Amino acid sequence: MSSLLKIRSLFLATMVPVIGLPSLARAAPHDDEIAALRREMREMQREMRDEIRVLQARIARDEGRAPRAQEAHRVPAHGAHAMPRRWSGPLPMIGVPQGAGPVRPRSEAESRLALVEGPIPSWAELRAATAKDESVHIGGMRIGFPSGRPTISSDDGAYSFSVGMLLQEDIGGFIGTGARAGEARGNFNSFTENGRRLRLYFSWRYKDWVVHVTPDFGSLTADGSVGLFEANLNYTGWRHTTLTVGYFQPRMDEESAERPVAFAFLERPTIVDLARNIAAGVARFSVGGEHYEDRWLAALYFTGQKFGDRNKDTTITDSQTGGVARIVGRPYVSRDVDVHVGAGAISAFRVNQSAKGRSYTFSDNVEVPLGETSLLTSGVLSNVAQIWAAGPQLAVRWRRFLLKGEYYHIGVERRREAGASPLPSLGFDGWYVAANYTLFGRPRSYNPRIAAFVAPGVERDFDPLHGDWGALELNGRWSVTDLSDVADQGGAGVDGNQQTVWQGGLNWYPNRYFKFMLDFDHFIVTRSKGVAGGVNLFGRTGNLVVGRVQASF
């Protein structure tokens with residue numbers, strides 16, 4: 001009641017001098033002055049009504065109740081060219097106000113984690129989404145925190161600037177990875193840490209033109225390296241279409257399309273990483289675009305070399321060129337069932353030419369980012385003419401259960417060495433099958449804008465006093481990558497090898513912005529002399545346990 005009295009006092013204190021304006025207007029000698037004073041009075045009255053609604057929203061928040069709908073969402077009709085109204089809805093808040101009882105569960109859209117890496121909305125979509133956004137107007141500027149991201153924009157949204165963040169810290173170690181007699185031990189820490197992704201997302205917009213620049217302070221499997229995730233220009237003026245030029249990550253597979261913030265496991269399956277890095281991956285120069293509808297998505301990009309390639313190898317005299325394509329659809333959708341079917345293809349028409357010629361090496365870790373020695377390798381493949389990969393994608397959600405998998409075949413075409421016998425072409429294969437079950441919270445759902453399944457939804461923030469626990473999911477995955485084809489493919493005595501990884505894990509989401517992961521990993525890798533330092537002369541097996549703390553805005 002005291003709060004309402006404060007509002008009335010503020011209203012009377014402000015409106016008393018305004019009410020006196022008509023008497024001043026009558027004393028004015030000219031009609032135009034009278035009209036100007038009356039307009040000023042009406043404008044002040046409108047501003048006071050907006051201020052009262054803001055104060056009522058604050059009171060509602062502090063007292064733990066929602067403001068009346070007609071007060072919170074009333075839109076005054078001032079004409080097409082009227083001054084933009086101030087925000088009149090509830091002020092930004094996460095969770096339940098202190099001292100308040102349980103609030104309604106979030107809707108399907110409200111409960112999902114924000115995808116910090118897109119997709120990019122068009123200007124029209126942005127204006128529609130921010131019509132009731134949590135923001136205030138100051139001096140013709142809109143300031144707010146949509147999806148927790150600090151954003152400054154003009155009132156019409158034509159100009160905007162925002163800053164986002166993704167933090168992923170990993171802690172864990174290896175168990176039972178001892179070397180056999182005659183083998184080097186390798187780097188398999190029993191306990192270590194790694195800053196896997198430490199990204200700051202800077203975004204500038206002018207209507208449908210958007211620029212993204214994202215430095216990454218955790219760009220490798222051993223932290224301490226600073227790199228670039230993306231730096232690109234995007235155009236979103238065509239319906240459901242985004243055109244991109246610059247350093248970008250074209251996505252050819254469902255796993256990459258999910259974005260790291262929504263990964264079920266710490267990292268993608270090995271075969272996915274090997275295939276996408278042929279001509280895509282992080283910070284790859286790209287020109288192209290993608291278009292989506294509710295039941296399908298198509299993407300096509302022309303790509304070049306990665307950011308920093310020529311700095312790492314100053315002998316590069318001919319840069320890589322390639323292409324990436326993806327087509328997916330949803331042949332069946334219902335409340336309980338969602339089916340995803342698609343295919344991805346990628347090709348390096350030519351790889352970088354350096355002092356070592358056109359060579360390429362496939363190599364990867366055991367699907368964890370702790371800076372360990374890579375045990376899987378193809379050996380150094382020389383005289384490479386072209387590398388390509390292609391394969392199908394399939395996923396099915398039934399209520400709270402999600403099953404998905406992908407298969408890729410990698411082909412390596414090679415040139416004839418001068419005065420020598422032709423080198424054989426090579427073929428490698430890999431696949432994975434993953435299962436996911438949401439124990440509580442909203443189950444994973446399909447996002448047609450990226451043609452992938454996204455993380456579980458948090459209906460209510462973690463609050464054990466009211467029986468709210470966020471969201472929890474259980475995961476399992478089996479992946480196989482085979483890089484062996486012919487003897488001596490990577491040089492004299494160097495054959496490729498095969499890696500199998502079994503993984504299980506739990507992910508807990510206390511709210512929409514934080515995530516805690518725990519993974520168990522068992523790996524089996526066959527021998528290869530191509531692994532540096534004699535680490536895998538007889539084949540290696542082992543286990544590891546690793547956790548991750550994630551924050552994203």
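Atoms considered below: every heavy atom in the structure, side chains included; atoms not considered: hydrogens, waters and symmetry mates. Source: prediction; values computed, not measured. We count residues from 1, following the sequence as given.
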Enquirer: Whether Arg276 and Glu255 form a salt bridge (side-chain N of Lys/Arg under 4.0 Å from carboxylate O of Asp/Glu) is what I want to check.
Expert: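 Looking at Arg276 together with Glu255, the answer is no, because their closest N to O distance does not fall below 4.0 Å.
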Enquirer: Identify the two heavy atoms, one from Pro215 and one from Leu200, that lie closest to each other, and give their separation to 0.1 Å.
Expert: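 Looking at all heavy atoms of both residues, the closest pair is CD-O, 3.2 Å.
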Enquirer: Just checking, is any N or O donor in the side chain of Thr244 or Asn234 under 3.5 Å from an acceptor N or O on the other one?
Expert: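 Note: Thr244 and Asn234 side chains meet the donor-acceptor criterion.
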Enquirer: Not counting sequence neighbours, which residues clear salt bridge (charged side-chain N to carboxylate O under 4.0 Å, His left out) with Arg197? List them please.
Expert: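 Listed in chain order: Glu267.
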Enquirer: Can a salt bridge be assigned to the pair Glu290 and Arg251 using a cut-off of 4.0 Å between side-chain N and carboxylate O?
Expert: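 No, no charged N to carboxylate O under 4.0 Å.
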Enquirer: Please collect all salt bridge (Lys or Arg N to Asp or Glu O under 4.0 Å) contacts where either partner lies in residues 314-323, sequence neighbours excluded, each pair once.
Expert: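 Sorted pair list: Asp318-Arg350, Asp318-Arg358.
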Enquirer: Test of understanding: with side chain to side chain donor-acceptor pair (under 3.5 Å), list the residues that count as partners of Glu125, not counting sequence neighbours.
Expert: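 Scan of Glu125 (side chain to side chain donor-acceptor pair (under 3.5 Å), adjacent residues dropped) gives Ser122, Arg449.
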Enquirer: Suppose we screen for salt bridge (charged side-chain N to carboxylate O under 4.0 Å, His left out). Which residues come up paired with Arg295, at least two apart in sequence or across chains?
Expert: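 Once residues adjacent in sequence are excluded, Arg295 has no partner under the salt bridge (charged side-chain N to carboxylate O under 4.0 Å, His left out) criterion.
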Enquirer: Under the rule for ring-ring contact (aromatic ring centres under 6.0 Å, His included), what residues qualify as partners of Phe174, not counting sequence neighbours?
Expert: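 Phe174 satisfies ring-ring contact (aromatic ring centres under 6.0 Å, His included) with Phe188 only.
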Enquirer: Is there side-chain contact between Trp478 and Trp431, with heavy atoms separated by less than 4.5 Å?
Expert: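 Counting from C-beta outward, Trp478 and Trp431 do come under 4.5 Å.
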Enquirer: Under a 3.5 Å distance rule, please check whether Gln499 uses its side chain to pair with a backbone N or O of Phe523 as donor and acceptor.
Expert: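 A pair under 3.5 Å: no.
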Enquirer: Would you say Asn187 and Asn189 are linked by a side-chain donor-acceptor pair, where the criterion is simply a distance under 3.5 Å?
Expert: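 Yes, Asn187 and Asn189 have a side-chain donor paired with an acceptor closer than 3.5 Å.
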Enquirer: Would you please name every residue forming a side chain to side chain contact (heavy atoms under 4.5 Å, CB included) with Ala280, sequence neighbours left out?
Expert: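 Result, side chain to side chain contact (heavy atoms under 4.5 Å, CB included) vs Ala280: Pro250, Val324, Ile346.
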Enquirer: Check the angle between the aromatic planes of Tyr513 and Phe553 and answer parallel, tilted or perpendicular using the 30° and 60° thresholds.
Expert: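 Because their plane-to-plane angle is under 30°, the rings of Tyr513 and Phe553 count as parallel.
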Enquirer: For residues Ser425 and Glu413, is any side-chain donor paired with an opposing acceptor at under 3.5 Å?
Expert: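 Their side chains do contain a donor-acceptor pair, which is all the 3.5 Å distance test asks for.
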Enquirer: Should Arg330 and Asp294 count as an ion pair when the cut-off is N to O under 4.0 Å?
Expert: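 Salt bridge between Arg330 and Asp294, a charged N being under 4.0 Å from a carboxylate O: yes.
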Enquirer: Is a donor on one side and an acceptor on the other found under 3.5 Å between the side chain of Arg444 and the backbone of Ala262?
Expert: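 Side chain of Arg444 to backbone of Ala262: a pair is present.
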Enquirer: Keeping the roles fixed (side chain from Arg326, backbone from Gly344), state whether a donor-acceptor pair exists under 3.5 Å.
Expert: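 No, because the side chain of Arg326 does not come within donor-acceptor range (under 3.5 Å) of the backbone of Gly344.
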Enquirer: Okay, side chain of Thr303, backbone of Ala279: is any donor-acceptor separation there less than 3.5 Å?
Expert: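 Looks like yes, one N/O pair under 3.5 Å.
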Enquirer: Taking the ring of Phe514 and the ring of Phe516, is the distance between their centroids below 6.0 Å?
Expert: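 That pair fails the under 6.0 Å test.
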Enquirer: Backbone N or O of Ser374 within a donor-acceptor pair of the Asp364 side chain at under 3.5 Å?
Expert: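 Here the side-chain-to-backbone pair does not exist.
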Enquirer: Below 4.0 angstrom, N of the basic side chain to O of the carboxylate: do Arg239 and Glu293 qualify?
Expert: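 Looking at Glu293 together with Arg239, the answer is yes, because their closest N to O distance falls below 4.0 Å.
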Enquirer: Is there a donor in the side chain of Glu367 and an acceptor in the side chain of Thr270, or the other way round, less than 3.5 Å apart?
Expert: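 Yes - a donor-acceptor pair under 3.5 Å links their side chains.
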Enquirer: Between Asn352 and Asp309, do the side chains contain an N or O donor and an N or O acceptor separated by less than 3.5 Å?
Expert: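 Present: a donor and an acceptor within the cut-off.
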Enquirer: Would you find a donor on one side and an acceptor on the other, under 3.5 Å apart, between the side chain of Asp170 and the backbone of Glu193?
Expert: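 Checked: no pair found.
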Enquirer: Which residues pass the side chain to side chain donor-acceptor pair (under 3.5 Å) test with Arg149, not counting sequence neighbours?
Expert: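 If we apply the side chain to side chain donor-acceptor pair (under 3.5 Å) test to Arg149, skipping adjacent residues, there are no hits.
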Enquirer: Taking only residues two or more places apart in sequence or in another chain, which ones pass side chain to side chain donor-acceptor pair (under 3.5 Å) with Gln386?
Expert: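 Gln386 satisfies side chain to side chain donor-acceptor pair (under 3.5 Å) with Ser347 only.
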Enquirer: Have Glu230 and Thr214 got a donor and an acceptor in their side chains that come within less than 3.5 Å?
Expert: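 Per modelled atom types, Glu230 and Thr214 side chains form a pair under 3.5 Å.
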Enquirer: List in chain and number order the residues that pass salt bridge (charged side-chain N to carboxylate O under 4.0 Å, His left out) with Glu406, two or more places apart in sequence or in another chain; answer none if no residue qualifies.
Expert: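 Glu406 satisfies salt bridge (charged side-chain N to carboxylate O under 4.0 Å, His left out) with no residue once adjacent residues are dropped.
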Enquirer: What pairs of residues pass the ring-ring contact (aromatic ring centres under 6.0 Å, His included) test when at least one of them lies in residues 204-227, not counting sequence neighbours?
Expert: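 Of all non-adjacent pairs touching residues 204-227, those that pass ring-ring contact (aromatic ring centres under 6.0 Å, His included) are Tyr159-Tyr206, Phe161-Trp204, Trp209-Tyr235.
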Enquirer: Just by distance, do the side chain of Asp253 and the backbone of Val272 share a donor-acceptor pair under 3.5 Å?
Expert: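 Pair absent, no side-chain N/O of Asp253 close to backbone of Val272.
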Enquirer: Give the C-alpha distance, both sets of side-chain angles, the deciding distance and a yes or no for side-chain hydrogen bond (donor to acceptor under 3.5 Å, both in side chains) between Asn436 and Lys404.
Expert: CA-CA 9 Å; Asn436 167 276; Lys404 66 177 186 176; over 6 Å; no
Enquirer: Does this structure show an ion pair linking Asp273 with Arg268, if we count only N-O contacts that are shorter than 4.0 Å?
Expert: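 Yes, Asp273 and Arg268 are salt-bridged.
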Enquirer: Classify the ring geometry between His409 and Trp388 as parallel (under 30°), tilted (30 to 60°) or perpendicular (over 60°).
Expert: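 Correct class here is tilted.
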Enquirer: With no hydrogens and no angle check, is any side-chain donor or acceptor of His240 less than 3.5 Å from a backbone partner on His291?
Expert: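 Not a single qualifying donor-acceptor pair exists.
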Enquirer: If you draw the axis of the six-membered ring of Phe453, does the NZ or CZ of Arg397 fall within 45° of it and under 6.0 Å from the ring centre?
Expert: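 Checked: cation-pi criterion not met.
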Enquirer: Looking at Leu370, is its backbone amide N or carbonyl O close enough to the side chain of Glu372 to form a donor-acceptor pair, meaning the two atoms are under 3.5 Å apart?
Expert: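 Side chain of Glu372 to backbone of Leu370, a donor-acceptor pair under 3.5 Å: yes, one is there.
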Enquirer: Under the side chain to side chain donor-acceptor pair (under 3.5 Å) test, which residues partner Asp156, sequence neighbours left out?
Expert: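 Checked Asp156 against side chain to side chain donor-acceptor pair (under 3.5 Å); matches are Ser154.
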Enquirer: For the pair Tyr201 and Phe229, name the ring-plane relationship: parallel under 30°, tilted 30 to 60°, perpendicular over 60°.
Expert: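 The arrangement is perpendicular - the two ring planes meet at more than 60°.
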Enquirer: For Leu426, what residues pass the side chain to side chain contact (heavy atoms under 4.5 Å, CB included) criterion, not counting sequence neighbours?
Expert: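 Partners of Leu426 by the side chain to side chain contact (heavy atoms under 4.5 Å, CB included) criterion, ordered by chain and then number, come out as Leu381, Val412, Arg414, Phe428, Asp485, Val486, Gln489.
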Enquirer: Say whether, by atom type as modelled, one donor and one acceptor occur between the side chain of Trp123 and the main chain of Gly157 under 3.5 angstrom.
Expert: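 Between the backbone of Gly157 and the side chain of Trp123 there is a qualifying donor-acceptor contact (under 3.5 Å).
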